[in-house]
Structures are given as C-alpha cells and as structure tokens.
Undergrad: 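Sending over a structure as structure tokens; questions will come in a sec.
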2 protein chains.
Amino acid sequence: MCLGDRGDTMTTADTTPRSVYEGTCQTHEADGAAIRDVLNRVGDKWSLLVIVTLAGTRLRFSELQRHIPGVSQRMLTLTLRQLERDGLVTRTIHAEVPPRVEYDLTVVGRTLLEPSMALANWAVEHYPEIQDSRAAFDRSRA
Amino acid sequence: MCLGDRGDTMTTADTTPRSVYEGTCQTHEADGAAIRDVLNRVGDKWSLLVIVTLAGTRLRFSELQRHIPGVSQRMLTLTLRQLERDGLVTRTIHAEVPPRVEYDLTVVGRTLLEPSMALANWAVEHYPEIQDSRAAFDRSRA
DNA sequence: CAGGATCCAATTTGATACTG
DNA sequence: CAGTATCAAATTGGATCCTG
C-alpha cells in the first residue's frame, strides 16, 4: 500500500498499468492518513518554528513568543497544545507566583527534527530556482 | 540567521540568553520565508500526493485523478498548476483529438522526493505513538 | 505570567455545472 | 479529455478583551 492509498480494494477490472509505484514506492505500509496528519501539523504556520526553537533549550511561554516573531498569544497557545497532545513537547508548570510554564521537546519531538530540517534545507537550497520558475511562468502569461 | 528569523536587527539591549540556537542551528543562511513557502506547498492537501504519484512514471490528468482517491477535478488542476509554476512538474500537451496532457516530475521535483519521503516515513513510523499520546491526552481531560 | 473566550477576516477546499 | 467558472462550506489565523 502506498501514499494516498486509502486501502480501498480494487473491485473493477483495471487496465491501468500498475507500474506506477513499482520499485519507487518507499512507503509500502504507509497510511496516507498518517502522512497527511503529520504533514498538516508540520506544515502549518507555527509548529515547525516552535520545534526548532525548542531544539536548543527549553523555554517558557513568553520566551518562546519573543523568539518567534509574529506569533500571536492565541496561536502560540494553540500550537503548543497540539504539539503537547501529539507527544512532541512537554509542558511543565512550576508552582510559583507568578506562574512559570516551561516547554521542552520530547524524545519523539527531537526525532522529528532531522527529517524536517532536511526538508527545510531543501527549501532553502532550491528556493532561488523556484522563484525563477515562478517569475518565468508568470511572465509567460502576461 | 535561523529559521523563523526575519532578519530584523536587534535594536534594543537584549538580556535574553542567545544560546538558544548556538550549536543547534542547522539552517544558518535559512530564509524563514522560503521554508514556510515550501512547507505550505508540500504540506497542503494534495501536492505531495501528486509528487509521489508521479515518481514512478509520467501520467495524464485522468490517470492522476484515478490514482489519487478523493481529489476533485478542481483541486487536482489547481495543485498541478502550482507545481508547474514552481518548476516541480512539467505539463505536456499532445496535439491530438481528444486532447492528451501528460504530467511529469522535473529534475528539481525529483530532488524533493527524498526529503519529503523521509518525513513521510517518519510520519508512518511514529504515528502509533502520536495516536497513543493523543488518546492519553484526551483521556486526562475527560 | 500564561492563558481562555469571543468575534471576525482570510484562506482553502469541495460540489456542481459548463466548454473547446 | 482536460479543463474553467461559480458558489458554498470548512478550516485557519488574528485582534481584542478578560482572568487565576
């Protein structure tokens, strides 16, 4: 089973060549839902930013907000809750006054760092080409 | 400069420890905009699915649609246009009746395959843990 | 300090009908 | 076949005000 395959059994005779995935499918047991789910999280506006920001050290809420320019209180809260729920970050409340809440990556959260960094690096490397391509595409339609 | 850093110069004296990124920043010259931009494309609902589907062979529109369950005509069109504009897929119109349009990955498009597959594999590998974490989180709030 | 609650704007996606 | 056009629904993000 491959990416995007929802596991629906092939009921009708299919003349379409099945060679599409052969030899190239690297996610045999992959559940498309899992990939979409994770990608929708990593691909949202703030999650990856939070993760790489926590890569160096644990931080409290206000520090996190200072380190991530542009994030609103609401979105930072929502993002952190999602990440906590997914088991990617921990939330530690210190019983003090005023309250101090610290966020840190979990072990699982840290393992996400490498593949997402690879993608981030790809983005940085190829962004010039992408921008050129966009410019050319748009020019050819003017 | 690191991920998420928009390059705003530090104008006020800052007592916040600067150790956050030290030694851990793997995207020194990274432009946060580039990363967001690429991630928003890869992270959308259909792009990655289209890319991996084209990994094996070039396909025409209707074949693509059959291979990607659930995608509407409109969304497939929009997704393909974006990918074409970004220089990740080519669109070849064969002058025939009825019209035949084939899509294929570009060289750049193929280079994207590896890092995104890494992330997809991470998703598949860790999805059970994530689901467990979510269940536990939700249970603790009932 | 670290949020929760509301309300609103913007963006994304989908359903449907039509066309060269 | 391979789209385009239009409209509606859903999702996401942000501004603002309030609180233990």
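Keep in mind the model is a prediction, meaning the values are calculated, not measured. Excluded from the calculations below are hydrogen atoms, water molecules and symmetry mates; all remaining heavy atoms, backbone and side chain alike, are included. In the text below, chain A, chain B and the rest are named by the order of the sequence lines, each starting its count at 1.
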Undergrad: Please check if A:Val89 and A:Ile93 belong to a single hydrophobic cluster, counting links between Ile, Leu, Val, Met, Phe, Trp and Tyr side chain heavy atoms closer than 4.5 Å.
TA: yes
Undergrad: Under 4.0 Å between a side-chain N/O of B:Tyr103 and OP1 or OP2 of D:dG3, yes or no?
TA: yes
Undergrad: Whole angstrom is fine here: how far is it from CZ in B:Arg58 over to P in D:dA2?
TA: 14 Å
Undergrad: Nearest whole Å is fine: how far is D:dG13 P from A:Arg41 CZ?
TA: 10 Å
Undergrad: Could you tell me whether the phosphate oxygens of C:dC1, OP1 or OP2, come under 4.0 Å of any side-chain nitrogen or oxygen in A:Ser62?
TA: no
Undergrad: I want to verify a distance call: between C:dT13, D:dG13, C:dG3, whose nearest atom is closest to the A:Arg91 side chain?
TA: C:dG3
Undergrad: Between the two ends of the helix from C:dC1-D:dG20 to C:dG20-D:dC1, what is the bend in degrees, rounded to 10 degrees, where each end axis spans five pairs?
TA: 50°
Undergrad: For B:Asp104 and B:Arg110, which heavy atoms make the closest approach, and how far apart are they?
TA: OD1-NH2, 3.1 Å
Undergrad: Of the nucleotides D:dA2, D:dC1, C:dA2, which one has an atom closest to the side chain of A:Arg60?
TA: C:dA2
Undergrad: If you measure from CZ on A:Phe137 to CD1 on A:Ile130, what distance do you get to the nearest 0.5 Å?
TA: 14.0 Å
Undergrad: Please pick, from D:dC1, C:dA2, C:dG14, the nucleotide with the shortest atom-to-atom distance to any side-chain atom of B:Pro98.
TA: D:dC1
Undergrad: Does any part of the side chain of B:Leu80, heavy atoms only, come nearer than 4.5 Å to the side chain of B:Arg91, both counted from C-beta?
TA: no
Undergrad: Expressed as a whole number of angstroms, how long is the span from A:Leu64:CG to C:dC1:P?
TA: 15 Å
Undergrad: Whole Å only: how far is the CD atom of B:Glu84 from the P atom of D:dG3?
TA: 9 Å
Undergrad: Pairs under 3.5 angstrom, nitrogen or oxygen only, protein versus nucleotides 16-20 of chain D, please.
TA:
none

Undergrad: Do A:Trp46 and A:Thr53 have side chains that approach each other closer than 4.5 Å (heavy atoms only, starting at C-beta)?
TA: no
Undergrad: What's the spacing between A:Leu112 CG and A:Leu105 CG if we round to 0.5 Å?
TA: 9.0 Å
Undergrad: Counting only heavy atoms not in A:Arg85, do more than 12 sit closer than 6.0 Å to its CZ atom?
TA: yes
Undergrad: Without decimals, in angstroms, what is the distance between A:Leu76 CG and D:dG14 P?
TA: 12 Å
Undergrad: How many Å lie between CD1 on B:Ile68 and C1' on C:dG14, as a whole number?
TA: 16 Å
Undergrad: A:Arg100 has an atom CZ; how far is it from atom C1' of C:dA2, in whole Å?
TA: 13 Å
Undergrad: Can A:Glu102 and A:Arg60 be counted as an ion pair, charged N to O under 4.0 angstrom?
TA: no
Undergrad: A:Met75 has a side chain; which of D:dG14, C:dA2, D:dA2 sits nearest to it?
TA: D:dG14
Undergrad: Starting at OH of B:Tyr103, measure out to CD of B:Glu84 and round the result to the nearest 0.5 Å.
TA: 7.0 Å
Undergrad: Counting side-chain heavy atoms from C-beta on, which of D:dG3, C:dA2, C:dG4 comes nearest to A:Thr77?
TA: C:dG4
Undergrad: Would you say B:Lys45 reaches D:dT11's phosphate, i.e. side-chain N/O to OP1/OP2 under 4.0 Å?
TA: no
Undergrad: Grab the CD-P distance between B:Glu96 and D:dC1 for me, whole Å please.
TA: 13 Å
Undergrad: Other residues, nucleotides and ligands only: do more than 12 of their heavy atoms fall within 6.0 Å of CZ on A:Arg134?
TA: yes
